[in-house]
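All remarks here apply to the structure that follows.
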Amino acid sequence: MDEGMPVAAERETLTWDDFGGATRDLARSIIADGFAPDIVVAIARGGLLPAGAIAYGLGVKSCGALNVEFYTGIGTVLDAPALLPPDLDLGALPGKRVLLVDDVADSGRTLALAVKMLREAGADVRSVCIYTKPGSIAMPDYSWRQTDLWIDFPWSFRGTVVQEDQGLPVGA
């Protein structure tokens, strides 16, 4: 077990049913706020599923992704978030209303990097995360729930199918 990693009893678990309800609640909050995005951009990988669900909830068909690596394992991170290819077409964003989506604002460093990039590209950016951690340096405009626990997301907590099938430890 990683040093400092929460034990199983100290985890927040998001079920698929909770995920569906959370993304619908978030879409309703965005609509109620009057923000009508032209484009939904996911922070991959964790933001891909929430971004798709929220885009459907909002009726937005234009979607993209920023590929960012920060977590290298449970509770282990790089020194700074790093962009990975392929790149998002930033030239298509000036003057557009962009909704940036991630699963969690943990440290907030990935969210801050992505918001900065999109704003520098000329977009009007709002951000949304299913979860927000109290110590995050960047808070999303919309969030479903706050927790200080490690979160088990239904799409990632079991690791890859190779890890699962071979009984290997779960990675990020």
Side-chain angles (χ1 to χ4, degrees), residues 12-71 77 80-147 150-158 160 172:
E12 173 88 18
T13 299
L14 182 72
T15 66
W16 282 114
D17 283 345
D18 290 340
F19 168 73
T23 56
R24 301 299 283 186
D25 289 349
L26 289 165
R28 285 185 175 96
S29 294
I30 293 161
I31 290 167
D33 194 40
F35 187 67
D38 301 305
I39 302 167
V40 172
V41 174
I43 297 177
R45 293 178 304 183
L48 288 169
L49 289 157
I54 291 169
Y56 268 104
L58 295 173
V60 176
K61 293 185 177 184
S62 184
C63 298
L66 282 171
N67 294 290
V68 183
E69 181 180 30
F70 191 41
Y71 277 85
V77 297
L83 291 174
L84 303 174
D87 296 335
L88 180 68
D89 180 8
L90 297 176
L93 300 182
K96 300 290 185 188
R97 292 178 310 271
V98 175
L99 182 66
L100 178 66
V101 184
D102 206 357
D103 53 357
V104 60
D106 193 334
S107 71
R109 293 171 66 191
T110 299
L111 186 64
L113 171 72
V115 167
K116 181 177 185 266
M117 277 185 58
L118 297 173
R119 285 191 175 140
E120 286 176 352
D124 174 11
V125 181
R126 304 278 172 88
S127 59
V128 58
C129 296
I130 296 175
Y131 286 98
T132 305
K133 299 283 184 99
S136 178
I137 63 165
M139 292 297 177
D141 297 291
Y142 311 96
S143 180
W144 180 67
R145 188 171 285 168
Q146 187 175 79
T147 184
W150 181 265
I151 306 156
D152 284 336
F153 290 101
W155 53 84
S156 63
F157 81 95
R158 293 165 68 181
T160 68

Rounded distance [0.5 Å steps], [atom1] in [X] versus [atom2] in [Y]:
{"X": "Trp150", "Y": "Asp106", "atom1": "CH2", "atom2": "CG", "answer": "7.0 Å"}
{"X": "Lys133", "Y": "Glu12", "atom1": "NZ", "atom2": "CD", "answer": "9.5 Å"}
{"X": "Arg28", "Y": "Thr23", "atom1": "CZ", "atom2": "OG1", "answer": "9.5 Å"}
{"X": "Asp18", "Y": "Ile130", "atom1": "CG", "atom2": "CD1", "answer": "10.0 Å"}

(request) Just do the side chain to side chain contact (heavy atoms under 4.5 Å, CB included) check on Leu58 and Ile30 with the steps written out, would you? (result) CA-CA 8 Å; Leu58 295 173; Ile30 293 161; 4.2 Å; yes
Taking C-beta and beyond as the side chain, do [X] and [Y] meet within less than 4.5 Å on heavy atoms?
{"X": "Val40", "Y": "Ile54", "answer": "no"}
{"X": "Pro140", "Y": "Val128", "answer": "no"}
{"X": "Leu88", "Y": "Leu93", "answer": "yes"}

Side-chain polar contacts of residues 111-119 - donor-acceptor pairs under 3.5 angstrom, sequence neighbours left out - could you list them?
{"from": "Lys116", "atom 1": "NZ", "to": "Glu120", "atom 2": "OE2", "distance (Å)": "3.1"}
{"from": "Arg119", "atom 1": "NH2", "to": "Val125", "atom 2": "O", "distance (Å)": "3.2"}

(request) May I have all residue pairs that pass side-chain hydrogen bond (donor to acceptor under 3.5 Å, both in side chains) and include part of residues 90-103, sequence neighbours excluded? (result) Asp38-Arg97
(message) Listing request: all ring-ring contact (aromatic ring centres under 6.0 Å, His included) pairs with a residue in residues 38-63, at least two apart in sequence or in separate chains.
(response) none
So which heavy atom on [X] is nearest to which on [Y], and how close?
{"X": "Asn67", "Y": "Pro86", "result": "ND2-O, 3.1 Å"}
{"X": "Ile137", "Y": "Gly108", "result": "CG1-C, 3.8 Å"}
{"X": "Val98", "Y": "Ala123", "result": "CG2-CB, 3.6 Å"}
{"X": "Ala138", "Y": "Ala105", "result": "O-CB, 3.9 Å"}
{"X": "Pro134", "Y": "Thr147", "result": "CD-O, 3.2 Å"}
{"X": "Ser143", "Y": "Thr132", "result": "OG-OG1, 2.7 Å"}

(message) Working note: Ile43 + Thr110, criterion side chain to side chain contact (heavy atoms under 4.5 Å, CB included); need CA distance, chi angles, decisive distance, verdict.
(response) CA-CA 8 Å; Ile43 297 177; Thr110 299; 3.7 Å; yes
(message) Once you measure the plane-to-plane angle for Phe19 and Trp16, does it fall in the parallel (<30°), tilted (30-60°) or perpendicular (>60°) bin?
(response) perpendicular
(request) If the plane angle is over 60° it's perpendicular, under 30° parallel, otherwise tilted; pick one for Tyr131 and Trp144. (result) perpendicular
(request) Quick one: do Phe157 and Leu14 satisfy side chain to side chain contact (heavy atoms under 4.5 Å, CB included)? Show the steps, please. (result) CA-CA 10 Å; Phe157 81 95; Leu14 182 72; over 6 Å; no
(message) Between Phe153 and Val104, is the side chain to side chain contact (heavy atoms under 4.5 Å, CB included) condition met? List the steps.
(response) CA-CA 10 Å; Phe153 290 101; Val104 60; 4.2 Å; yes
